[in-house]
Q: 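I'd like to ask you about the structure that follows.
Values below: every heavy atom of this structure, side chains too, minus hydrogens, waters and symmetry copies.
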Amino acid sequence: MEIQKISGNAQGGIVSCKWYNKIGLTLIILFCFFRPVWSQTTESSRERIEEIIERVVAELDPEDSEQRILEIIERLEELAANPVNINRAGIDELSGVPGLNLQLAQSIIQYRKSIKPFEHIEELLDVDGIGGVTLDNLLPFVTIGRSFELGKDLYLNPNYWTYNSSFENLTRYQRVVNAQEGYSRPDTLGGYLGSPVKYNHRFRYRSDRLSVNLTQDKDPGEPLSGPTGFDFTSWHAAIQNAGRLKNLIIGDFRVSYGQGLTLWNGGAFGKSSQVIGSAVKNDPGIRPYTSYQETNGFRGVAATYGEQLQVSGFYSKRKRTASDASAGRVRSPTASGLHRTLSENDRRLNLQQETFGGRIRYQFRHGIIGASGYHQQYDRKIEKGTQPYQLYGFEGDRFSVAGTDYRLTAGPAMIFGELAWSSNNSLGFITGSEVNLPSGTDLAVAYRNYEKDFQSASGSGFGEQSNPQNEEGFFTGIRQRFGEILEFNAYIDFFHTHVARFRNTRPTSGFDWLARLQFEPLDNLSFYGQLRSKTWEQQMDASDSFGRETITMGTETRSNARLHIEYQALDVLRLRTRFDVVRWSATSSPSSFGYLVYQDVRLTPTSTLTIDARITLFETDDFNSRVFQFENDLLYVMSNAMLFDQGQRTYIVIRYQPADFLVLRMKASTTLYENKQFIGSGLNMIEGSRRSDIGLQIQLKI
C-alpha cells in the first residue's frame, strides 16, 4: 500500500490511499444497510456519569495540563457513550473501565467462560472482588449487550458490519463576550486574523464493527474561510473487533502501550485521592482518534491482530508546527495547535514528522507481557535550548525508543512495570504493585527512575511531569474501607531530579502527600474532607552580607484543605457546598493564602431538562495561592477554572433533550473581579473587571 500526502493546507493534510475510493464505496454500500438504534440513556445515568467525571478530575493535580485533563474527560465520555460489553470485551477493554483492574477483568472473563454469560448487570456482584460501591461506579460504563446471531457467511453479511449502528453530529460554538486586545489590533501589528469564536463539529458513524469520523476545529482568533478552511481537520475509517482483527484504522489514530514510557497518546490518570490505580496504566493499544486536540495523535494506518498473542503495527506521516531556531533548524514541535497571527501562520505545519512502530503482546492466565517500540524522524533538525534544564533534551532529526512491560497477578497482588530504552543509550524504568488485603485494605507502591537524558517524545509516564525524563521517585498509598459508609485514602510520593529542571540550575527534590476521608451516612448525604500538600526545592535570588545578588536553594510548599458536602434534598434537587483553603509558603518569603467557597445547585424538573448553577466566592493574596474548581460544561469540554485575586464567579449550564435524537446544551458564565482594571495580558487582555463567556452545543444522535 502506498500512502501519499496530497495537501498541507488548512484541512490539516488529508491522507489518501490508492484504494481509498474502494473503501469509500464499500462504506457507502454498508450505509445502505443502516438500521438506527435510538439512545435510551436515562437522566439519572447521565447525572452519575457527570458525577464520576467531576470526581476524577477534581482529584487530579490541579496543575496538570488542560490537554491531559480534557483527554481524560473525553475518554470517560467515550466509555459512557459506548459502554463495554462484559460478555464480549477482552481483558484490555475491561481493565480500562474506571473501577476495574487486571484482576477484576480476569475474574469477569473467567466467570462468563466457566459459569455462564451475564444476563443482568447486577450479576457482576457474583464476581469475586466486586461489591455494591464498585458496581455503582461501573454502571454507566458497562453493558451486557444484545443477542445477535451471525450468519454462516459472517463477514459477507451486511448486518454483521452495521449491527448496533448509530450516527452522531456534535456542533459547538463558544466565545468570550468581552472585547480582547488581539481583535482590535491590526494583523500587521500582531493582531488576530480571525474572529473570537471557537467553533467545531464532529460527524461520526459507528457500529459494533465500523467507525467513520470527521472532526473539524477552529480556535479563537484563527481565520475560517469556508467548509474546507478549518485550521484542524481529523478523520478516520476503522474496522474493529472483527474476529482476530481487533482493529484496522486508516486516518487519525492514537497509540498507548505498556506503562507509557515508550509510547502513550491520550490522557492517563495520575496521582489522586483514588490511590488504587493511580500509578498503574491499563494500556488500550491502538484506537481511533476523535479529539479536538490538534497535536496528540498520528495520521496514517494502524492495525492490531490476534487473541492471546497480539501483534500491532502503525505508520504515520503528518505535519507539525515548530518555532524556528538557527541555521534552518527548529525547536521541538509545539503542543498548542494555535495559528491566530501572521507569525503563527508563517510557521504553521512547517515540520514533517514520520513515525512507525508496533507491539507484540502475550496474554496468559497470570497476566500480560509485551514489547513495543517506534522510530520517529523529521525533515528538519531539531535544536534543543540553551537553558540548564534543556541541556539533555532531544536534538537531531531522528530517534528510536523500545521497551518491555508487564502486568502480572499473584494471589491478591498485581505487579506492573516497564523498562524502556532510547536510542541515545538512556533508560527509563517503573515498577510497582497493588495488593488487596483482607478487611477492605488496599495498598499501592511504585518506584520510577527516568534517566536525565532518556528521550521519548511520545511517552507519558507516571510522575511529577508527564514526560518521563530526569526524575526518580517512590510512591506509596493506602485505601481503607470501613463498611459501606466510610473510606480513607492516602498517599505520599518522594521525588528528585538527576539534573536541573525548569527555573533551576541544579538538581532538586521534594515530596507531596494527600489524605482524604469520605463519609456517606445516608443514601442522599455525603461528606469528604481532604488535605493535600506539595513541597519542592526551588532556586531563589538572595543577597549576601555585602548586598550582592546571589543564588540560593530554598523550598516552596503549597497546601490545600477542603471540605465538600453533597445533599440530594429532593428527587429533582441536588445541592453541593465546598470550602477550600490554600496556603503557599517559601523560604524567606511571607506566606500567602487563598480561599474559595461555592454553592452548587442541580435542578431536574423533568426527565428532559437539567439545570446546573453555581456561585463561587474567592479571594487570594497572589497568584501563588490561586484556587481551582472543576465546572459542569458542554459535552467534551474541559473546564477546570483557575481563580486568583478577589471576586465572584457564576455560571449556569442547561441541558435540554426535546427528543431521543436531539440534545441541546448551553453554558453562560461570568467572573467579576473586585480589584482589577484589566483581565489577562497581551493579546487576550480585557479592559474592565468582568469576563463573560457563552457556549452553545447541538448533539444529534440517530
Q: Tell me whether Arg202 forms a cation-pi arrangement with Tyr636, defined as NZ or CZ under 6.0 Å from the six-membered ring centre and within 45 degrees of its axis.
A: yes
Q: Just jot down the side-chain contact (heavy atoms from CB on, under 4.5 Å) partners of Phe502, sequence neighbours excluded, or say none.
A: Tyr389
Q: Is it the case that more than 12 heavy atoms not belonging to Ile698 sit under 6.0 Å from its CD1 atom?
A: no
Q: Mark yes when over 12 heavy atoms from residues, nucleotides or ligands other than Asn675 sit less than 6.0 Å from its CG; otherwise mark no.
A: yes
Q: Could you check whether atom CD of Gln677 has more than 12 heavy atoms from other residues, nucleotides or ligands sitting under 6.0 Å from it?
A: no
Q: Within the distance-only criterion (no hydrogens, no angle test), does the side chain of Tyr528 pair as donor or acceptor with the backbone N or O of Arg562 below 3.5 angstrom?
A: no
Q: Identify, with sequence neighbours excluded, every residue that meets salt bridge (Lys or Arg N to Asp or Glu O under 4.0 Å) alongside Glu566.
A: Arg576
Q: Indicate yes or no for a side-chain donor-acceptor contact from Asp187 to the backbone of Gly190 under 3.5 Å, with no hydrogens or angles considered.
A: no
Q: Evaluate the ring planes of Phe618 and Tyr673, with Trp represented by its six-membered ring, and classify them as parallel (under 30°), tilted (30 to 60°) or perpendicular (over 60°).
A: perpendicular
Q: Would you mind listing every ring pair (Phe, Tyr, Trp, His ring centres under 6.0 Å) that reaches into residues 565-584, with sequence neighbours excluded?
A: none
Q: Taking the six-membered ring of Phe232 as reference, does the cationic atom of Lys218 (NZ for Lys, CZ for Arg) lie under 6.0 Å from its centre and within 45° of its axis?
A: no
Q: From the options Arg503, Lys534, Arg583, select the one residue that forms a salt bridge (Lys or Arg N to Asp or Glu O under 4.0 Å) with Glu556.
A: Arg503
Q: Between Phe623 and Phe644, is the gap from one ring center to the other below 6.0 Å?
A: yes
Q: Go through the structure and list residues passing side-chain hydrogen bond (donor to acceptor under 3.5 Å, both in side chains) with Asp217, not counting sequence neighbours.
A: Lys198, Asn200
Q: Measure from the side-chain N and O atoms of Thr604 to the backbone N and O of Thr606, and report whether any donor-acceptor pair falls under 3.5 Å.
A: no
Q: Just one of Asn345, Asp346, Thr321 clears the side chain to side chain donor-acceptor pair (under 3.5 Å) bar with His339, so which one?
A: Thr321
Q: Is a donor on one side and an acceptor on the other found under 3.5 Å between the side chain of Glu344 and the backbone of Arg340?
A: yes
Q: Answer yes or no: is there a donor N or O on one side and an acceptor on the other, between the side chain of Ser278 and the main chain of Gln274, under 3.5 Å?
A: yes
Q: Any side-chain heavy atom of Asn560 sitting closer than 4.5 Å to one from Asp580?
A: yes
Q: More than 12 heavy atoms of other residues, nucleotides or ligands under 6.0 Å from CD of Glu687: is that the case?
A: no
Q: Classify the angle between the aromatic ring planes of Tyr199 and His201 as parallel (below 30°), tilted (30 to 60°) or perpendicular (above 60°).
A: perpendicular
Q: Just by distance, do the side chain of Asp512 and the backbone of Ser533 share a donor-acceptor pair under 3.5 Å?
A: no
Q: Once salt bridge (Lys or Arg N to Asp or Glu O under 4.0 Å) is applied, do any residues pair with Asp324, and if so which ones, sequence neighbours excluded?
A: Arg380
Q: Test of understanding: with side-chain hydrogen bond (donor to acceptor under 3.5 Å, both in side chains), list the residues that count as partners of Tyr289, not counting sequence neighbours.
A: none
